[in-house]
Amino acid sequence: MDKKVISGYIKNITAIMVVYAIIFYLIQIKVINNYYNGILILAGIYIIVAASLNLATGYLGQLALGHAGFMAIGAYTAALFAIAVDLPKYVELVAGLILGGVVAGIFGLIIGIPALRLRGDYLGIVTLGFGEIIRIALLNLSFTGGAAGLKGIPRYVNFTEIYFLVVLVIAFLFAFIRSRHGRAILSIKEDEIAAESVGIPTTFYKVYGFVVSAFIAGVGGGALGFYQRILDPKKFNFMFSVEFFIIVVLGGMGSITGTILAALALAFINEFLYSIDELRLVIYALTLIILMIFKSDGLLGRKEFSLIKLLNRFSKKTKIENAD
Amino acid sequence: MSLLKTEHIGMTFGGLKAVSDFSIEINENELVGLIGPNGAGKTTIFNMLTGVYAPTEGKVFLGETVVNKKKPYQIVTMGLGRTFQNIRLFKELSVIDNIKIAFHKDMSYSTVSAVFRGKKYWKEEKEIDIKARELLGLFNMEEDANVLSSNLPYGKQRKLEICRALATNPKLLLLDEPAAGMNPQETKELMETIAFIREKFKVSILLIEHDMSLVMGICERIIVIDYGRVIAAGTPDEIKSNEKVIGAYLGQ
Ligand SMILES: Nc1ncnc2c1ncn2[C@@H]1O[C@H](COP(=O)(O)OP(=O)(O)OP(=O)(O)O)[C@@H](O)[C@H]1O
Ligand SMILES: [Mg+2]
C-alpha cells in the first residue's frame, strides 16, 4: 500500500465521519425533525437496494425486475429471526441482517443458475415472476402473518445504524468492482463472447454477481423491517421493484455515486408525492422519458463522484491562487 | 507433438452443413492461412476450435486432450487465443482494462482479499499493471493505456484485440480476418506486427484472411475451403496455381 492509498482512506473516512456528525447533530437539535429523519432512513434503504440492483444491471448488464422480492425475503427472514430469539440488540441486528441476506442470496442462486446459463434476457422474465410469487406466498403463508402483515418487529434501525450500513455496502461495492472480480463482471456486460474468449468463466461470474446483488437487497430488506417494525406483503409489489430500477437508470447504470444521489432525490420526492399516489409512477415515467431524451446515460453516466478528486482540484486551485 | 489437431470435424446448423470433414494439424512455430469465399465456413471452424460451438462430428485435440466439450474460457487456459472478425473489444473500458481482463486467469486473490484490500490483492494488481503496460509498450500503445478502447482509431483497435489475445499467453493464436477494413498502409503494418509477434512470442498462428497478398506473403502453408470442405492445401505457390482454387474464387 502506498502513501496515496492511505491518504485516500484517511480522507474518505474523515469525510464519512464529518457528514455523520453533522447530520447527527442536526437531528439532535431537531433541525432535522422526526419526519425528515424517517425519510433519511428510508433513503438509506433505497440506496442499499438500488446499489445492489446497479451491480446486477448497471455493471453485470442483466435485467433484474424482482428486487422487491429479494428485499421481502431478507425483511421477513431478519424479522422472524429477531422475534424468535432473545439476544442483545446489536447481535440480533447484525445476525438478522446477515441471515436475511444469505436467504435472499440462496433464492438468487436458485433462480440465477437456470436463468443466467442462457444468453439473453431470460432473467428479466424470471425475476419478474419471482417477485410476484414471493409477494403472493407472503400474503398466504400463516407464519409470516399473511395479508395482515408481520407485527412486533423490534426497532433496531435508526439513523446511525442505517448510515453505517450504507457506508459498509457502498465501500464493499467499490472495492468489489475495482478488483479482478469486478473487471470480470464489467467485461460480461461489455461483450460476453469476448470475455469468455479471454478466459473469464462468464456463467460463474453472472451467477456470482447476481447472488451478491440479491444478498445486498436482502440486507436492505432486513433493515426496512427493523426500521418500520411492521411488514406488509403488499408493499413488495412489482412497482416497488420498478422504483429501484428507476433509481438506477436515473443515477446512471454503472455509477454507485449516481445511485446514491438518485435514491436520495427519489426518497424525498416520494414523500412529497405521497398524497397523489396514483400519479407518482406517471411522474416517474415522465421524468425517465425526459432524462432519456436529454441525458440518456443517467445523471452521472458511468462516472463516479469523487470527494478526493474534488478536494484535490480545490486545493490545487487555491495553491495556484496563493502563488500569485 | 502438434499443438492443435482436428479429426474430421463438422458442424451442422439445423439442416445446413456449414463445415464437414475438416482435418488439420498445426505444430509449433507455424503460420498457416485459412482462406475461402464468403460463407465457406472459416469462422465456424474457429468457433469449433475455441469452444464457442461443440462440433457435431469429429474431434478437436489440444496437445493430447480432446476439447470438444470444453467451454471457451477453459480452452483459453490450454493455450488457444483468438480475435474476432468483427472486433470485439470491451468498448466502454480503457485500453489497459481490456488487457487486464485477459490476465484474470493468471490471478488468484479472493473476493475477501479484494474487499479488504489484502496483501495478495496489491501484489497481484501491481504485477498485472506492470505486465499490461509492458505488453502495450511492445505495440507502441503505452500512451493509450487510459483511453477508452472505443475511442481508438480502427487500426489500433485491431492491434489492441490481438494484444489482448496475447495477454492470455497462447501457444496458438487464431486471427479472424485481421486486415478486414484496413487500408493498404494499415495492412502492411499488420503484416509487420504479425511477423513481430511470431518472433517475440514464439506462437503459432492460424490466420483467416481475404486479402490474398497478405496470405500469400506471409503464410508457409495455406488451406482453402469452399462450401465447408477443404478443396486444396499446400504452399502459397501450389495454391496459386490450383485450378479448384481459381475456380472457387473466380466463381468459374
Ligand atoms: N450460428 C449459426 N447458425 C446458423 N448458421 C450459421 C451460424 N454460423 C454460421 N452459419 C452459416 O454457416 C456458413 C458458414 O459461415 P461462416 O461464418 O463460418 O463463413 P465464413 O467463411 O467465415 O464467411 P465470411 O468470409 O463471410 O466471414 C454460412 O452459410 C453461415 O450462414
Ligand atoms: Mg468469417
Side-chain angles (χ1 to χ4, degrees), chain A residues 1-6 8-9 12 55 58-61 105 117 119 168-206 208-209 211-212 215-216 252-255 297 301-303, chain B residues 46-47 50-52 71-78 80-84 86-94 96-119 121-126 128 148-150 161 164-170 174:
Chain A
M1 260 200 285
D2 54 24
K3 272 199 188 130
K4 222 171 105 194
V5 175
I6 294 174
Y9 284 161
N12 274 329
L55 176 64
Y59 292 95
L60 184 60
R117 285 169 65 118
R119 257 181 213 135
L168 216 63
V169 167
I170 300 302
F172 167 83
L173 282 173
F174 267 117
F176 184 61
I177 295 295
R178 293 170 182 179
S179 74
R180 71 185 187 108
H181 306 290
R183 279 195 299 266
I185 282 172
L186 286 170
S187 75
I188 293 171
K189 180 191 179 188
E190 290 295 319
D191 192 324
E192 206 172 325
I193 293 174
E196 185 96 5
S197 85
V198 294
I200 305 293
T202 54
T203 304
F204 171 81
Y205 273 107
K206 279 198 286 185
Y208 189 31
V211 168
V212 170
F215 173 90
I216 298 172
M253 297 246 199
S255 169
D297 52 356
R302 304 167 63 108
K303 292 190 201 71
Chain B
F46 268 26
N47 284 337
T50 53
V52 176
K71 293 256 175 70
Y73 80 89
Q74 294 168 314
I75 288 183
V76 190
T77 59
M78 301 177 73
L80 203 62
R82 77 172 289 184
T83 65
F84 296 88
N86 308 306
I87 308 177
R88 283 180 178 272
L89 289 173
F90 305 123
K91 290 198 190 76
E92 298 296 315
L93 301 182
S94 67
I96 193 156
D97 275 348
N98 268 266
I99 305 287
K100 284 182 176 177
I101 288 164
F103 282 124
H104 177 90
K105 66 182 177 63
D106 302 331
M107 304 170 86
S108 63
Y109 67 78
S110 65
T111 301
V112 175
S113 179
V115 169
F116 291 100
R117 295 295 194 242
K119 266 211 184 85
Y121 166 87
W122 291 111
K123 184 170 162 281
E124 289 187 4
E125 284 293 327
K126 183 149 209 168
I128 64 150
L148 220 58
S149 68
S150 58
E161 204 194 16
R164 186 183 69 184
L166 286 169
T168 66
N169 194 21
L174 310 183

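Here is the naming used below: chain letters follow the sequence lines, and residue numbers restart at 1 for every chain. Quick caveat, the model's predicted, so the values are computed rather than measured.
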Side chain, backbone, both or neither of [X] within contact of chain A (heavy atoms, under 4.5 Å):
{"X": "B:F90", "result": "both"}
{"X": "B:I75", "result": "neither"}
{"X": "B:F103", "result": "neither"}
{"X": "B:A165", "result": "neither"}
{"X": "B:E125", "result": "side chain"}
{"X": "B:K126", "result": "neither"}

**Request:** Verify side-chain contact (heavy atoms from CB on, under 4.5 Å) between A:D191 and B:L89, making sure each step is shown before the conclusion.
**Result:** CA-CA 7 Å; A:D191 192 324; B:L89 289 173; over 6 Å; no
**Request:** Applying side-chain contact (heavy atoms from CB on, under 4.5 Å), run through A:R178 and B:R117 and close with a yes or a no.
**Result:** CA-CA 10 Å; A:R178 293 170 182 179; B:R117 295 295 194 242; 3.6 Å; yes
**Request:** Count the heavy-atom pairs under 4.5 Å between each of B:R164, B:M107, B:K105 and chain A, then report the option with the highest count.
**Result:** B:M107
**Complete:** Heaviest contributor of heavy-atom pairs below 4.5 Å to chain A, chosen from B:A167, B:S110, B:G51, is B:S110
**Asked** Would you say the side-chain atoms of B:Y109 pair up with the backbone N or O of A:S179, donor to acceptor, closer than 3.5 Å?
**Response** no
**Request:** Examine whether an atom of A:A171 lies under 4.5 Å from a heavy atom of chain B, and if so say whether it belongs to the side chain, the backbone or both; otherwise answer neither.
**Result:** neither
Do [X] and [Y] make a side-chain contact, defined as non-hydrogen atoms from C-beta onward lying under 4.5 Å apart?
{"X": "B:H104", "Y": "A:R183", "value": "no"}
{"X": "A:F176", "Y": "B:T111", "value": "yes"}
{"X": "A:S197", "Y": "B:Y73", "value": "no"}

**Request:** Please identify each residue that fulfils side chain to side chain donor-acceptor pair (under 3.5 Å) with B:E124, with sequence neighbours left out.
**Result:** B:S108
**Asked** Do you know the tightest heavy-atom contact between A:V198 and B:I101?
**Response** CG2-CG2, 4.0 Å
**Prompt:** Taking the six-membered ring for Trp, are B:Y121 and A:H181 ring centroids under 6.0 Å apart?
**Reply:** no
**Asked** Rounded to the nearest 0.5 Å, what separation is found between the CE atom of A:M253 and the CD atom of B:E92?
**Response** 13.0 Å
**Prompt:** If you round to the nearest 0.5 Å, how far is CD of A:E190 from OG of B:S150?
**Reply:** 8.5 Å
**Item:** CZ (A:F204) with more than 12 external heavy atoms under 6.0 Å
**Value:** yes
**Item:** Pairs of heavy atoms under 4.5 Å with chain B: top-ranked of A:P201, A:G182, A:G254
**Value:** A:P201
